[in-house]
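Reading through the structure tokens given below for one structure.
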Amino acid sequence: MEIKHHALAGVIEFTPRVFGDPRGAFFESFSARIMQEAGAVGNWVQDNQSSSGVGVLRGLHFQRPPHSQAKLVRVATGRVIDVVVDLRRSSPTYGQHVKVELDSRRCNMLYVPTGFAHGFMALEENTLFLYKCTDYYAPGSEGGLRWNDPTLGIDWGIDAPLVSDKDRVLPLFADFDTPFE
Ligand SMILES: Cc1cn([C@H]2C[C@H](O)[C@@H](COP(=O)(O)OP(=O)(O)O[C@H]3O[C@@H](C)C(=O)[C@@H](O)[C@H]3O)O2)c(=O)[nH]c1=O
């Protein structure tokens with residue numbers, strides 16, 4: 001497993017060894033031991049799956065404490081631009097983001113610690129996005145930021161993605177009071 005620590009402390013990318021043979025391919029999509037040793041810790045309690053067409057953008061989302069979630073995200077089919085934004089008030093990289101392409105052929109995965117907003121945009125039709133979470137869905141604790149917030153300055157490479165009604169009206173960073181220390 002190749003392990004890459006990104007510029008925002010705690011954000012870790014895992015790229016597994018993929019074993020191809022005439023039948024197809026095999027790789028380890030989760031290993032508690034490897035993840036924990038790298039610092040991707042979490043009591044994983046929920047797995048989610050979403051499918052998206054090309055140009056669909058979901059995010060930027062988080063759950064507020066005490067229901068904050070770390071996430072381990074990957075793509076089973078297709079490709080996405082995945083973005084995480086540091087919302088930890090005391091972090092030297094507060095407000096900064098990291099952008100990673102997740103690709104079902106490379107099978108790379110991203111660990112998103114608590115204290116981050118997360119979003120992605122599908123680059124291919126029928127993109128299947130899978131992720132583990134360290135807390136259960138808590139609709140009353142949902143929070144988010146606007147995907148095209150000028151302060152965050154995320155270059156998604158698209159002007160008019162397909163965004164949910166809920167995501168279209170998420171707050172701007174300038175009006176935002178982070179719930180994460
Ligand atoms: C996230 C979630 C949604 N739902 C329901 C609520 C709603 O009716 C429907 C669709 O929900 P959403 O529009 O919030 O789905 P979506 O926009 O895909 O939300 C996800 O976006 C990505 C970027 C994340 O990081 C995730 O944590 C999650 O927030 O599914 C659950 O039942 N459980 C869940 O854990």
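Every number for a ligand or one of its atoms is a count from 1 in the order of the listing.
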Considering only residues two or more places apart or on different chains, which pairs with a residue in residues 76-87 satisfy side-chain hydrogen bond (donor to acceptor under 3.5 Å, both in side chains)? R79-E101, R79-E124, D82-H118, D86-R88, D86-S91, D86-T93

With rounding to the nearest 0.5 Å, note down the distance linking CZ in F27 to CE in M109. 5.5 Å

Under the side-chain contact (heavy atoms from CB on, under 4.5 Å) criterion, do F26 and D21 qualify, and how do the steps go? CA-CA 9 Å; F26 177 94; D21 65 32; over 6 Å; no

Can you check whether F14 and F30 have ring centres sitting under 6.0 Å from each other? no

Do V84 and M121 share a hydrophobic cluster (ILVMFWY, side-chain heavy atoms under 4.5 Å, transitive)? no

Using the rule side-chain contact (heavy atoms from CB on, under 4.5 Å), only one of I154, L170, D167 pairs with L60; which is it? I154

Could you pull out every protein residue that has a heavy atom closer than 4.0 Å to ligand 1, ordered by chain and then number? Q46, N48, R58, H61, K71, H118, G119, Y131, Y137, E142, K166

